[in-house]
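First up is the structure itself, then whatever we jot down about it.
Chain letters run A, B, ... following the sequence lines, proteins first and then strands; every chain starts at 1.
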Amino acid sequence: MNTPAPPALDWSDVMAASIHDIKNSLALILGNLDDLVGNPENRLADPRQATLLKQEVQRVHRSLIQVLMLYKLGNQQFVPQIAEHNLEDFLEEVVADNQSHCAALGLELGFACDAELTGYFDWELVRGVLDSTIGNACRYAGARIRIRADREQGELLLRVEDDGAGFPASVLSRLPDPRLSSAGQPNAGAGNPGPANPGPANPGPANPGIVSPDPIMAGRTRLGLYFAAQVAAQHRDGERVGGIRLANGGAFGGGVFELRLP
Amino acid sequence: MPDHDFSSKQYLIVDDFSDMRAVLRSILQSLGATRIDQAANGAEAIDQMQRRRFDAILCDYNLGPGQDGQQVLEEARHRGFIGVDTVFIMVTAETTRDMVMGAVEYTPDSYLGKPVTKELLRTRLGKLFERKADLRAVNTALKAADYPLALAELDRRIAAAPKHLADLIKLKAEVCLKAGDYAGARAIYEQALATRDQPWAQLGRGIALYHQQDHAAALAVFQALVQHDRHLIVAYDWQAKAQVALAALEAAEATLLEAARISPRGLQRQQRIGELALGNGHGEVAEAAFDRAVQLAAHSCLNHPGLLGGLAQSKSANGKYAEAEKVLGTLETAFADHAETAFVRASATAAIRSHQGDRVGAQAALAQAEAALQDLGANADPRVASEWAATQQRVVAAEEADARLEQLIANNHDDEAFLDQLRQECPAGIDPARLEAKIQAIRDAVIESNNAGIRLIQQGAFDEAIALLQQAADGMPENATVRLNAVKAILLKLDKMGSDPNDARHLGEQVAILERIAPEHPRLAEVRTHLARHAAR
């Protein structure tokens with residue numbers, strides 16, 4: 001008997017195929033939710049539930065993209081498509097796409113940038129970072145979230161600011177570094193993606209010193225922040241490399257997430 | 001962007017999944033769109049585009065079997081069904097991004113990842129409509145191939161430094177390339193590169209260099225691009241072009257094979273691989289590539305008889321003559337009315353005959369092909385002419401190779417070790433049975449001339465015998481055995497008829513040759529003894 005050996009399992013293909021399938025399902029769920037909410041014939045006892053469902057679907061979708069992207073980055077299978085883009089066009093799109101769920105949460109989402117400002121970046125990757133940052137800021141903001149884009153010292157600076165309580169000091173002292181893999185349990189502090197410096201190879205045991213009020217949120221923010229740091233690191237111009245930073249204050253006195261792109 | 005901008009437009013949704021089409025349709029309707037058509041596959045989409053002009057096409061990249069979204073876009077642009085004023089949005093799963101980005105000549109206006117949301121579609125589509133409206137005058141000039149006017153219109157917009165300045169500059173460089181202003185295009189790309197190293201500008205610079213005939217510099221640019229991003233398929237295609245221009249044909253074949261491994265659906269790339277592999281004597285590679293091209297072409301507007309011709313030629317190069325003839329049979333049914341069919345059939349037949357060693361048949365088919373080419377006249381695709389040249393070259397090369405092989409066998413017809421090696425390394429384009437036949441034919445010829453020589457000697461016709469054997473030896477200049485037979489005849493004559501200065505000189509020449517080509521031959525030692533005996537007399 002000479003049965004051919006089954007081909008070796010290529011995880012990249014398995015993931016790609018699964019994610020493709022899952023995303024088709026998500027698209028259907030989202031589309032039908034939109035119809036459900038948009039149709040005045042439908043009367044929902046609590047319309048907020050539909051919005052929350054939609055929000056969660058989008059979150060699942062983002063996590064999927066992040067996982068796949070990180071996997072590909074780890075395997076050097078991914079090359080960012082960096083091109084010059086107008087920031088107003090870009091932020092208009094990001095804000096439009098996040099507007100409805102911010103509005104449902106009673107939050108005002110806006111952006112501020114010079115109409116002429118351009119920058120070099122991968123549109124989809126940076127949009128992914130901003131989407132997930134806004135998603136997290138929604139949980140901690142008081143009433144307002146704003147994205148600012150500026151050019152400082154020849155670099156593009158994108159800031160997501162909120163008017164929440166800001167990050168606790170313990171969080172601010174730990175800036176994520178994609179090259180580090182030490183364990184750090186984020187406590188999903190105020191505003192923005194939250195702290196973490198984990199590596200994918202070692203998501204790390206929970207740090208017993210820090211109590212995480214919501215382990216699911218903690219996992220998400222950690223992934224989000226790690227993703228942001230990776231995306232920043234993918235942006236380079238000569239010797240200069242992008243980075244992220246967390247701070248408190250800003251225009252609204254809350255948490256500030258900064259993405260710096262050369 | 002007010003909604004009424006969406007309501008006046010004509011839309012086409014292409015997705016193989018009906019639920020997905022329904023989602024996109026309902027999003028478009030919620031934006032105010034009313035005129036929405038749908039297609040479930042590439043063929044339906046092309047059919048719709050042929051009948052009606054669309055303002056915006058939302059096309060999924062994965063369309064199941066048949067064409068993918070990129071092929072739909074290529075066919076639609078190629079056949080002129082969608083102009084530069086139609087918005088083409090490729091809807092992709094994030095997973096196909098690598099495959100789709102940096103795709104080939106025709107790029108969509110935008111990529112949208114799934115799931116598509118209403119808000120995202122509204123902003124994206126709104127901006128694209130705005131941009132297309134701004135480029136209307138440029139588009140009109142481009143359609144009329146009035147490049148100076150298109151460039152003037154672009155310059156006017158660039159001077160105003162609008163938001164999408166980068167896109168305008170990119171477009172201007174592309175128009176320069178189209179207009180043949182390679183120096184102008186290169187200047188734009190180099191200016192962009194001075195600001196920042198960017199793949200699109202590097203690619204453009206490489207293309208401009210290629211057109212300026214600086215193929216070595218162009219090649220270096222494309223190689224660096226591929227090194228940076230191994231999914232940048234278009235850079236491989238240009239790299240191969242530069243390699244062909246530099247006569248590095250094996251390298252060009254390898255480059256395209258790498259590109260095809262990453263992106264196996266490119267029909268023209270598969271065809272190019274087939275052609276290069278045929279020329280490089282890689283019959284198996286050629287057959288696989290043409291096989292793939294024929295399959296891909298079944299769904300494409302780019303289908304033409306040349307693909308079946310290439311398949312037939314490569315099958316014949318692999319010694320599969322019956323299969324090759326069969327392929328030419330399908331050519332008759334698939335392209336009965338195609339102007340190029342007669343030419344392709346004759347030119348493939350020439351290749352088959354030449355591979356079979358039928359030189360007369362090959363020449364006759366070549367003549368037929370030439371006549372068919374003349375019939376095509378001015379209507380002949382430049383591709384056909386180059387295919388003709390390549391076939392002719394291959395037929396001639398095959399004949400030369402054949403002649404070289406025969407010489408090789410003739411020179412070593414009784415050297416079993418050498419022949420075994422030849423059998424193992426069976427030269428490209430020669431099938432083993434034919435090699436055996438050749439060996440046998442040459443052996444028979446040697447035996448026949450020997451027997452004839454012996455008969456002549458027995459009849460006392462020494463000079464005739466010497467002339468015959470000498471002629472055989474000269475036909476196989478490196479074959480010691482045959483030459484030794486001629487020498488033997490001279491020695492027999494000398495033994496029988498006594499010394500003759502002419503024969504002695506002749507003998508001296510032949511022995512000198514033998515001393516050079518086979519100094520170790522045992523029969524040469526005998527000849528030396530024999531000579532010494534004569535000298536002693």
Fill in the blank from the handout: Ordered numerically, the heavy-atom neighbours of chain B under 4.5 Å found in residues 85-95 of chain A are A:Asn86, A:Glu88, A:Asp89, A:Glu92, A:Glu93

Exercise for the section: Not counting sequence neighbours, which residues clear salt bridge (Lys or Arg N to Asp or Glu O under 4.0 Å) with A:Arg159? List them please. Expected result: A:Asp150, A:Glu152, A:Glu258

Exercise for the section: Using non-hydrogen atoms and a 4.5 Å limit, figure out which bit of B:Leu120 sits close to chain A: side chain, backbone, both or neither. Expected result: both

Problem - Interchain contact, B:His164 with chain A, by part (heavy-atom threshold 4.5 Å) - result: neither

Fill in the blank from the handout: Across all chains, not counting sequence neighbours, the salt bridge (Lys or Arg N to Asp or Glu O under 4.0 Å) partners of B:Asp229 are none

Handout entry: Residue A:Ser25 versus chain B: region with a heavy atom under 4.5 Å
Key = neither

Exercise for the section: Name the region of A:Leu30, side chain, backbone, both or neither, that has any atom closer than 4.5 Å to a heavy atom of chain B. Expected result: side chain

Problem - Region of B:Ala161 in contact with chain A, defined by heavy-atom distances below 4.5 Å - result: backbone

Handout entry: Atom of B:Lys163, atom of A:Ala115 and distance for their closest heavy-atom approach
Key = CG-O, 3.9 Å

Practice task
May I ask you to test the A:Glu124-B:Tyr111 pair for a side-chain heavy-atom distance under 4.5 Å?
Solution key: no

Practice task
Kindly give the heavy-atom pair with the smallest separation between A:Arg236 and B:Arg196, and that separation in Å.
Solution key: O-NH2, 3.5 Å

Practice task
Provide the closest heavy-atom pair for B:Ala166 versus A:Glu84 in the form atom of the first, atom of the second, distance.
Solution key: CB-OE1, 3.7 Å

Problem - Residue A:Arg240 excluded, over 12 heavy atoms near CZ under 6.0 Å - result: yes

Fill in the blank from the handout: Given B:His228, B:Arg124, B:Lys118, the one with more heavy-atom pairs under 4.5 angstrom with chain A than any other is B:Arg124

Practice task
Please identify each residue that fulfils side chain to side chain contact (heavy atoms under 4.5 Å, CB included) with A:Val231, with sequence neighbours left out.
Solution key: A:Leu125, A:Val126, A:Val129, A:Phe227, A:His235

Practice task
Tell me, yes or no, whether the heavy-atom count around B:Gln191 atom CD, taken from other residues, nucleotides or ligands under 6.0 Å, exceeds 12.
Solution key: no

Problem - Proximal component of A:Arg127, with respect to chain B [non-hydrogen, under 4.5 Å] - result: side chain

Practice task
State the CD1-CD distance between A:Ile82 and B:Gln198, to the nearest 0.5 angstrom.
Solution key: 10.0 Å

